[in-house]
Amino acid sequence: MKSPTSLLPIAIYGILTAPGVAAKCSAGLVNIVFNGPGDKIGPGSHPDSQLFSWFSKMPAAKNWITFNEHEYEKKIPMLGDNKDAVQEAIKMVTRANPPEFLLTFNEPDWDYKTGKTKLTPQAAAELIEPLLNATAKHTKFIAPVPAFQMSNWLPEFYEKCKCRDRFYAHSVHIYNHTIDDAKTAINTFHNKYNDKPLWITEIAPRQLNCDAPTSSSWASSTEFMNELFAWGQSIEWIEKIFWNSGNKIVTHCDTNVGASYLLDGNGNPTPLLAPFNNLTCSQT
Ligand SMILES: *[C@@H]1O[C@H](CO)[C@@H](O)[C@H](O)[C@H]1NC(C)=O
Ligand SMILES: *[C@@H]1O[C@H](CO)[C@@H](O)[C@H](O)[C@H]1NC(C)=O
Ligand SMILES: *[C@@H]1O[C@H](CO)[C@@H](O)[C@H](O)[C@H]1NC(C)=O
């Protein structure tokens, strides 16, 4: 005869191995990045309405982001790096129905067009001060996300602004080629910034060249994606992951997102869309 206590492990084992029963991704973990540049006019730009219609093909994702401060359904706004954007953000977070979250500066330490720093830590601290002084009714601020996450930009910014406590979560961008290196890089960042939850606001398996993806590169991206979300689900301090990208960058080759887009240049599904919508966040 089995004792009642011995039934418990059997029951759990049964649940884990029953076919078709998989753990669900926790609410809010799965999200998507669209590459714009948002509403700005120019080659490769897309209005928010276009991005939202693409987002509707990704029911697995809770929220989406792109590189502007506009609000749109299910979109988390991102603070621009100029005074007008800061004034807009102040209006947004102090009004009656403010957004739940606001991402702050995107890669202020690096301008890929000039190869220089966009905002020094001092300039960023001065620019953001009126926003942090404004009493947000409800909005949680996400920390600036540096391009070079282990550089001194963030510690210097916190030192200048004395504002570290004003941020709800840290944010990081990760483009290692393998999932093991990506996990190591995420752990390294968290070891340095472990006082808050982490949002991974861009991540993809960086490609080694600009060749068009083959079926085997799509297969390795799928594996990377499945493993990433399953791992993220199991790590208590990882709160949100934003897969980059929802759409293909068509204006130039960016090896960071060379085989990670869910829709091609015409808005048609790539081999990654179905596995993305089928994410279970469970370890295999
Ligand atoms: C922000 O608040 C601090 C403390 O009250 C004050 O010294 C500072 O001048 C304010 N800055 C701005 C830009 O409003
Ligand atoms: C991950 O990529 C970053 C940026 O290229 C690099 O600095 C870091 O060393 C990589 N981490 C690992 C574990 O390879
Ligand atoms: C969806 O997930 C199930 C269970 O993990 C798997 O068997 C199936 O092949 C997946 N389908 C796609 C299109 O990825």
Side-chain angles (χ1 to χ4, degrees), residues 15-25 30 57-61 79 82-87 89-91 93-94 104 107 109-110 112 122-136 141 145-154 160-166 171-192 198 200-208 215 218-231 233 243-244 254-258 260 262 269-284:
I15 289 164
L16 289 176
T17 55
V21 181
K24 285 264 181 349
C25 303
V30 182
K57 299 180 181 185
M58 298 158 196
L79 181 66
N82 59 74
K83 284 187 178 165
D84 288 347
V86 171
Q87 289 309 315
I90 291 174
K91 280 188 216 152
V93 304
T94 54
T104 63
E107 302 194 349
D109 56 328
W110 172 246
Y112 70 92
Q122 175 73 41
E126 285 170 18
L127 188 56
I128 206 169
E129 189 175 277
L131 174 62
L132 299 182
N133 273 12
T135 310
F141 298 121
V145 56
F148 302 101
Q149 71 263 27
M150 299 310 290
S151 79
N152 281 331
W153 194 96
L154 210 45
K160 301 284 184 200
C161 72
K162 308 271 188 284
C163 66
R164 186 168 178 148
D165 289 351
R166 293 288 277 116
S171 176
V172 72
H173 292 167
I174 298 289
Y175 290 108
N176 299 88
H177 180 61
T178 68
I179 186 68
D180 287 342
D181 285 352
K183 288 181 192 173
T184 302
I186 294 163
N187 277 321
T188 304
F189 182 78
H190 179 70
N191 287 342
K192 189 165 173 190
L198 182 65
I200 301 164
T201 49
E202 289 181 18
I203 187 165
R206 182 176 46 80
Q207 301 303 293
L208 304 177
S215 55
W218 289 121
S220 19
S221 295
T222 303
E223 205 177 314
F224 182 109
M225 186 173 76
N226 284 332
E227 235 183 291
L228 168 73
F229 281 95
W231 180 72
Q233 175 79 33
W243 182 259
N244 198 8
D254 183 339
T255 52
N256 281 346
V257 292
S260 60
L262 307 188
T270 69
L272 217 48
L273 181 65
F276 179 82
N277 283 327
N278 196 31
L279 279 170
T280 60
C281 294
S282 53
Q283 317 256 10
T284 47

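Please read all numbers here as calculations on a predicted model, not as lab measurements. Both ligands and their constituent atoms are indexed starting at 1 by order of listing.
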Taking distance alone, with N or O pairs closer than 3.5 Å, would you say Asn176 contacts ligand 2?
yes
In this structure, are over 12 heavy atoms from other groups packed under 6.0 Å from Lys160 atom NZ?
no
Protein N/O near ligand 1 N/O, under 3.5 Å, which pairs?
| residue | atom | partner | partner atom | Å |
| --- | --- | --- | --- | --- |
| ligand 1 | 2 (O) | Asn133 | OD1 | 3.2 |
| ligand 1 | 2 (O) | Asn133 | ND2 | 2.4 |
| ligand 1 | 11 (N) | Glu129 | OE2 | 2.6 |
| ligand 1 | 11 (N) | Asn133 | ND2 | 2.9 |
| ligand 1 | 14 (O) | Asn133 | ND2 | 3.1 |

Asp254: side-chain contact (heavy atoms from CB on, under 4.5 Å) partners, not counting sequence neighbours
Ile249, His252, Asn256, Val257
For the residue pair Phe229 and Phe276, does the interplanar ring angle fall in the parallel (under 30°), tilted (30 to 60°) or perpendicular (over 60°) class?
perpendicular
Test ring-ring contact (aromatic ring centres under 6.0 Å, His included) applied to His190 - qualifying residues, sequence neighbours left out:
Trp237
So the atoms of ligand 2 within less than 4.0 Å of a heavy atom of Thr184 turn out to be 13 (C)
Restricting to side-chain contact (heavy atoms from CB on, under 4.5 Å), what partner residues turn up for Ala123, sequence neighbours left out?
Leu119, Thr120
When you measure from the side chain of Asp109 to the backbone of Leu154, do you find a donor-acceptor pair of N or O atoms at a distance under 3.5 Å?
no
For ligand 3, is there an N or O atom under 3.5 Å from any N or O atom of Thr280?
no
Is there side-chain contact between Gln233 and Cys25, with heavy atoms separated by less than 4.5 Å?
yes
